[in-house]
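Heads up, the thing below is written out as structure tokens.
All residue numbers in this chain count up from 1 along the given sequence.
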Amino acid sequence: MKEKQTRSSGKLKNLLALAWTFFKIGLLTFGGGYAMIPIIQAEVAEKHKWISEEELMHIVTIAESTPGPIAINAATYVGYKICGFFGSLAATVSVVLAPFTIIYIISLFLEQFMKFTVVANAFRGIQVAVAFLILSAGIKFIKKLKKQIFPIVTVALTITVMLLLDVFALSFSSVYLILMGAFAGLMLTVVQRIQSKNNSGKENDK
């Protein structure tokens, strides 16, 4: 009985911690998407240590290639890992609750809201902060990359292509860059497996 009570109380604490953490992430993060990554990293990976830095990178990769924002995907994944279905539910609802409420209220008074000079200036400042957060997240992920030729070349080519597209004002969806990166990764895996089979075959012949 005591063990069951201890487990249930521990699970309840984890559920409350998940709900509160992702509620804060949803409430205090402006810009969404990549701007949320540093805060998710600080709260989930560094403070609570629910996931590793490598797992967070996987979540971001999956979030970019599947439907749904990064914060919701991260909340669903982390919640399920810590407390199963109810953890996933608590974290996902919590991260959505504050933004949904705020956006709903703003949508009712959007025109009047944006007429205030103070509000307009505040949003300009927020845009600058969001740009810095996105840049910071990108730099952190680049530092975490494995020091191998393929990741370095892929990042360099992606940055070069995106800069060229911006300079020449060409329309090209980032989805295609993600798909090309995935295809290149698959081809590399196939080549590596063929090489490993050939090497093992040569060793067996010896």
Side-chain angles (χ1 to χ4, degrees), residues 1-106 122-123 125-148 151 154-155 174 178 181-182 185:
M1 288 292 293
K2 288 183 178 180
E3 290 182 1
K4 288 183 179 180
Q5 289 178 352
T6 304
R7 288 179 183 176
S8 60
S9 62
K11 192 172 183 178
L12 181 60
K13 286 181 181 179
N14 287 332
L15 282 171
L16 292 174
L18 281 167
W20 174 241
T21 298
F22 281 99
F23 179 79
K24 286 192 297 181
I25 291 172
L27 177 65
L28 302 176
T29 305
F30 291 90
Y34 295 109
M36 282 186 164
I37 295 173
I39 298 176
I40 294 173
Q41 183 181 26
E43 288 287 332
V44 175
E46 295 176 3
K47 183 179 178 180
H48 294 286
K49 300 188 183 300
W50 286 328
I51 59 173
S52 64
E53 300 281 350
E54 187 176 356
E55 284 179 296
L56 181 59
M57 290 183 69
H58 292 327
I59 290 172
V60 174
T61 304
I62 293 170
E64 281 300 304
S65 54
T66 56
I70 291 172
I72 294 177
N73 289 342
T76 304
Y77 177 86
V78 175
Y80 188 81
K81 182 180 178 182
I82 303 302
C83 291
F85 171 79
F86 291 105
S88 178
L89 182 64
T92 304
V93 171
S94 297
V95 80
V96 171
L97 185 60
F100 174 80
T101 305
I102 293 170
I103 291 298
Y104 178 74
I105 294 171
I106 290 175
F123 273 104
I126 289 170
Q127 288 174 354
V128 176
V130 167
F132 174 77
L133 286 172
I134 293 172
L135 179 63
S136 173
I139 292 171
K140 285 182 180 180
F141 277 118
I142 289 173
K143 288 181 178 180
K144 296 291 181 181
L145 280 176
K146 293 180 180 180
K147 303 302 185 288
Q148 296 175 349
T154 304
V155 170
S174 59
I178 295 168

Just to verify, what does [X] make a side chain to side chain contact (heavy atoms under 4.5 Å, CB included) with, not counting sequence neighbours?
X    : answer
I102 : L27, I106
I82  : N14, L18, W50, V78
I103 : none
V96  : I72, F100

Restricting to non-hydrogen atoms, name the atom on [X] and the atom on [Y] that form the minimum distance, rounded to 0.1 Å.
X   : Y   : result
F23 : A98 : CE1-CB, 3.8 Å
A91 : A75 : CB-O, 3.4 Å
P99 : G26 : CG-O, 3.2 Å

**Item:** Residues forming a side-chain hydrogen bond (donor to acceptor under 3.5 Å, both in side chains) with H58, sequence neighbours excluded
**Value:**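 None.
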**Prompt:** Among all residues two or more places apart in sequence or in another chain, which pass the side-chain hydrogen bond (donor to acceptor under 3.5 Å, both in side chains) test with E53?
**Reply:**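 Listed in chain order: Q41.
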**Request:** Return each pair, listed once, that meets side chain to side chain donor-acceptor pair (under 3.5 Å) where at least one residue sits in residues 77-93; pairs must be two or more places apart or across chains.
**Result:** E55-Y77, E55-K81, T76-T92
**Request:** Could you tell me the separation between the CG atom of L16 and the CG atom of L12, rounded to the nearest 0.5 Å?
**Result:** 4.5 Å
**Asked** At what distance, to the nearest 0.5 angstrom, does OG1 of T21 lie from NE2 of H48?
**Response**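 With rounding to 0.5 Å, OG1 (T21) is 3.0 Å from NE2 (H48).
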**Message:** F22 vs V44, test: side-chain contact (heavy atoms from CB on, under 4.5 Å). Steps then yes/no.
**Reply:** CA-CA 9 Å; F22 281 99; V44 175; 3.8 Å; yes
